[in-house]
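All heavy atoms count here, side chains included; hydrogens, waters and symmetry mates do not.
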Amino acid sequence: VPATFLSARAGAPGAVATAALGASGVIVRDDLAERTMLGDCGAAALGAAVGVAAVQGATLRFRLAALAGLAGLTAAAERVSFSEVIANNPVLSRIDAAGRRHQGVPK
């Protein structure tokens with residue numbers, strides 16, 4: 001979703017976000033049909049591209065806020081399982097399950 005908004009930006013930020021959207025668009029159908037999987041490496045690369053697009057040309061204050069948010073989430077991930085948070089939150093769980101043929105996650 002962030003890449004969609006960022007792709008409307010002019011110049012390099014929009015181009016980077018559009019590339020991330022294009023890469024996602026190529027695999028989304030097979031990923032949701034459970035024929036392929038983006039995986040952690042692909043998700044990390046796409047997330048990095050969107051992050052770069054978000055901060056390119058941004059003010060120092062915005063960049064510092066983004067860095068603080070990223071550092072905070074990284075620190076929280078050391079103590080909290082985001083998978084459990086998603087599973088225990090009805091709204092996040094529904095979003096996470098969108099497009100899956102098999103509802104629920106095997107334990």
Side-chain angles (χ1 to χ4, degrees):
V1 175
T4 305
F5 295 109
L6 290 170
S7 66
R9 290 181 67 188
V16 171
T18 301
L21 273 175
S24 299
V26 169
I27 59 98
V28 71
R29 176 183 256 165
D30 285 341
D31 187 73
L32 290 175
E34 299 175 7
R35 290 189 292 269
T36 61
M37 186 175 86
L38 179 60
D40 290 344
C41 290
L46 288 175
V50 172
V52 166
V55 298
Q56 278 184 329
T59 65
L60 178 60
R61 180 174 283 188
F62 180 85
R63 288 179 181 202
L64 290 174
L67 179 60
L70 184 60
L73 287 172
T74 301
E78 293 297 321
R79 296 232 172 241
V80 177
S81 166
F82 288 150
S83 295
E84 283 184 34
V85 170
I86 292 168
N88 293 329
N89 182 299
V91 174
L92 295 178
S93 183
R94 178 166 279 190
I95 292 169
D96 185 51
R100 287 189 190 170
R101 289 186 290 171
H102 308 289
Q103 297 301 314
V105 177
K107 296 192 181 207

Nearest non-hydrogen partners of [X] and [Y], listed with the distance:
X     : Y     : result
Asp31 : Met37 : OD1-CA, 3.3 Å
Ala77 : Phe82 : CB-CE1, 3.8 Å
Thr36 : Ile27 : OG1-O, 4.4 Å

N/O donor to acceptor pairs below 3.5 angstrom from side-chain atoms of residues 83-95, sequence neighbours left out:
| unit_1 | atom_1 | unit_2 | atom_2 | d |
| --- | --- | --- | --- | --- |
| Asn88 | ND2 | Glu84 | O | 3.1 |
| Asn89 | OD1 | Val91 | N | 2.9 |
| Asn89 | OD1 | Leu92 | N | 3.0 |

Heavy-atom neighbours of Arg63 CZ exceed 12 at 6.0 Å: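 Result for CZ/Arg63: enclosed.
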